[in-house]
Novice: 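Would you mind keeping the following structure in view while I ask a few things?
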Number of protein chains: 2
Amino acid sequence: MHQGQKSELTKEIILNKSFKLFYENGFKTTSVDKIMEATKLTKGAFYYHYKSKKELGLAVISLKVQRRVHEGMIAPLYKSGNAVEILESTFLDRIKSFPLYDKKHGCPMNNFINEIADYEAAYQLALRKIIDEWRAGLIALIERGKAENSIKESVSSKAVAIYLISAFEGIRGIRKLYDDDIILEEYIAGLSNYIEQIKK
Amino acid sequence: MHQGQKSELTKEIILNKSFKLFYENGFKTTSVDKIMEATKLTKGAFYYHYKSKKELGLAVISLKVQRRVHEGMIAPLYKSGNAVEILESTFLDRIKSFPLYDKKHGCPMNNFINEIADYEAAYQLALRKIIDEWRAGLIALIERGKAENSIKESVSSKAVAIYLISAFEGIRGIRKLYDDDIILEEYIAGLSNYIEQIKK
DNA sequence: TTAAAAAAATACCAAGTGGTATGTTTTTAA
DNA sequence: TTAAAAACATACCACTTGGTATTTTTTTAA
């Protein structure tokens, strides 16, 4: 295998295993040893590719977590079509399609936020970028909805955007506490009513 | 000092310092050593009063976290008066009155939820009890609002209750990412509009 | 083919972890 | 006053942590 290719591949393997272990067990409690055990490589390989665990954490956030949120929650907002319908499908379809694994472990971004956002400024910044991008996408969509007459002009796009995000992230955490989907379905009902009410 | 009194006092000192350190630095990364350093006592004293760090964690959740949420968010729901006004004052007044310290470190309950809820069933249960109590209080208040004709009968109490809680917990995490209150004020606007819309 | 550079393995370190065993001091009840 | 029990201190343990120094293997370019 080519050198550059091999290097990139190894970095990606470490990145993927890290994301999985951070998601399942948290960032701080996942050691470099455990990660490298999962990759079937050794510590020497890790510190050849990453200069510290902190650098790895930042890479996981900006490359894995950001991508995941973007693909699942942000990119769909820019599709063509009725704004309200896009809002509904993005939020409702996604939350309904989560496998048990994702329900159990919550939102990777939210886990990071609540575990290490107040811990170091670098993590704070990397996570903030994701929220800012999401927020911007939602505001743009709501504005679009107003322009195309599917959303009330009286609503504040900024307020709705952050209220949608907050509730979504909140429920991803709360769902962890339960062994069934009852609480999730109540949230879905709440979300449906909320979207319904901003319609024109 | 009396024996029983002294014992209880020591347990409480450990409990208070633990809560503070868990809140500021997380549960897993706060060691028993650090806690006892803060209390000016030693490890021997800790393991005389608590059989493990896990037992301490559960005590902090049920005695400190639960009490805090109860006093700040649940007890006010049962006061007499207009249901909508109580909803507004409870949520809005509380979030507006948070000191910087609380904004920086988020919600103690939410931190616990996202750090260790999927880690052990005992923690999950202890935290679930808090959410269940909060949820029940909100549902009762909303039902009361319907009865006294201040809240629309068409809204689902369960759905509104969990949507309010989710958004509140969500924003407590997200606020950690920012150095100012802009995002918080947008949330407040969103919350105000949300409450406005369930009024009769 | 070969020397250099890249990639990965091995061995190690000081500091920190939850927890235990045992000792010392303080309080209690007689 | 005294012996026992409660409260706390001290010293230690095996294990894990992030990180480094050094060696071995693999790939590259000449």
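Computation of the quantities below employed the complete heavy-atom set of this structure, encompassing side-chain atoms and omitting hydrogens, waters and symmetry-equivalent molecules.
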Novice: Identify whether the distance between the nearest side-chain nitrogen and carboxylate oxygen of Arg172(B) and Glu169(B) falls below 4.0 Å.
Specialist: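 A salt bridge is absent here (no side-chain N lies under 4.0 Å from a carboxylate O).
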Novice: dA9(C), dC8(D), dG19(C): which one has an atom nearest the side-chain heavy atoms of Thr10(B)?
Specialist: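 From the listed options, dC8(D) comes nearest.
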Novice: May I ask you to say whether Glu153(A) pairs ionically with Lys200(A), meaning some side-chain N is under 4.0 Å from a carboxylate O?
Specialist: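 Yes.
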Novice: Between dA7(C), dT20(D), dT10(C), which one does the side chain of His49(A) approach most closely?
Specialist: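 Ranking dA7(C), dT20(D), dT10(C) by closest atom to the His49(A) side chain puts dA7(C) first.
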Novice: For Lys43(A) and dT22(D), give me the distance from atom NZ to atom P, rounded to whole Å.
Specialist: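 Rounding to the nearest Å, NZ of Lys43(A) and P of dT22(D) are 17 Å apart.
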Novice: Could you check how far CE of Met36(A) sits from C1' of dA7(C), rounded to whole Å?
Specialist: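 Taking atom C1' of dA7(C) as the reference, CE of Met36(A) is at 11 Å.
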Novice: So which nucleotide from dG19(C), dA9(C), dC8(D) ends up closest to the side chain of Ala45(B)?
Specialist: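 Of dG19(C), dA9(C), dC8(D), dC8(D) is nearest to the side chain of Ala45(B).
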Novice: In whole angstrom, what separates Ile13(A)'s CD1 from dA7(C)'s P?
Specialist: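 Interatomic distance, CD1 of Ile13(A) to P of dA7(C): 14 Å.
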Novice: Check the distance between dG19(D)'s P and Tyr47(A)'s OH and give it to me in whole angstrom.
Specialist: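 That distance rounds to 4 Å.
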Novice: Under a 4.5 Å cut-off applied to non-hydrogen side-chain atoms, are Ile116(B) and Phe112(B) in contact?
Specialist: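 Ile116(B) vs Phe112(B): side chains touch.
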Novice: To the nearest angstrom, how far is Leu9(B) atom CG from dT26(C) atom C1'?
Specialist: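 Atom CG in Leu9(B) sits about 15 Å away from atom C1' in dT26(C).
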Novice: Taking CD from Glu55(A) and P from dG19(D), how many angstroms apart are they, rounded to a whole number?
Specialist: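 Atom-to-atom, Glu55(A) to dG19(D), this comes out as 10 Å.
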Novice: Hey, does Lys34(A) reach any base, or is it just sugar-phosphate, or nothing, if we go heavy atoms under 4.0 Å?
Specialist: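 Lys34(A): backbone/sugar contact only, no base atoms under 4.0 Å.
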Novice: Would you classify Ser31(B) as touching base, sugar-phosphate or nothing, given that sugar-phosphate means primed atoms plus P, OP1 and OP2, and contacts are heavy atoms under 4.0 Å?
Specialist: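 Since only primed, P, OP1 and OP2 atoms lie under 4.0 Å of Ser31(B), the category is sugar-phosphate.
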Novice: Could you check which of dA9(D), dA8(C), dG19(D) has an atom nearest any side-chain atom of Leu41(B)?
Specialist: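 Within the option list, the nearest is dA9(D).
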Novice: Who does dA7(C) pair with, Watson-Crick or G-U, both distances under 3.5 Å?
Specialist: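 Paired with dT24(D).
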Novice: What does dT17(D) pair with, Watson-Crick or G-U, if both distances are under 3.5 Å?
Specialist: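 Per the H-bond distance test, dA14(C).
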Novice: Round to a whole Å and report the spacing from CD of Glu120(A) to C1' of dG18(D).
Specialist: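 Those two atoms, CD and C1', are 14 Å apart.
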Novice: The side chain of Tyr48(A) lies closest to which of these nucleotides: dG18(C), dA7(C), dA8(C)?
Specialist: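 So the nucleotide nearest the side chain must be dA7(C).
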Novice: Would one find a side-chain N or O of Ser7(A) under 4.0 angstrom from OP1 or OP2 of dA7(C)?
Specialist: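 Affirmative; the distance criterion is met.
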Novice: Taking CD1 from Ile35(A) and C1' from dT16(D), how many angstroms apart are they, rounded to a whole number?
Specialist: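 For the pair Ile35(A) CD1 and dT16(D) C1', the rounded distance is 14 Å.
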Novice: Over all strands shown, is Thr39(B) touching base, sugar-phosphate only, or nothing at heavy-atom distances under 4.0 angstrom?
Specialist: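 The residue Thr39(B) makes no contact with any strand.
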Novice: Taking atom types as modelled, is there a side-chain donor on Lys146(B) or Ser157(B) under 3.5 Å from an acceptor on the other?
Specialist: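 Short answer, yes.
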Novice: Do Arg175(B)'s NZ or CZ and the ring of Phe98(B) fall within the cation-pi criteria of under 6.0 Å and 45°?
Specialist: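 No, Arg175(B) does not sit over the ring of Phe98(B).
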Novice: Indicate, with a heavy-atom threshold strictly under 4.0 Å, whether Lys54(A) touches base, sugar-phosphate, or nothing.
Specialist: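 If one applies the 4.0 Å heavy-atom cut-off, Lys54(A) turns out to touch nothing in the nucleic acid.
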Novice: Has the side chain of Lys53(B) got a donor or acceptor atom sitting under 3.5 Å from an opposite partner on the base of dG19(C)?
Specialist: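 Answer no: no donor N or O sits under 3.5 Å from an acceptor.
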Novice: Could you list the residues that satisfy salt bridge (Lys or Arg N to Asp or Glu O under 4.0 Å) with Asp180(A), not counting sequence neighbours?
Specialist: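 Here no residue qualifies.
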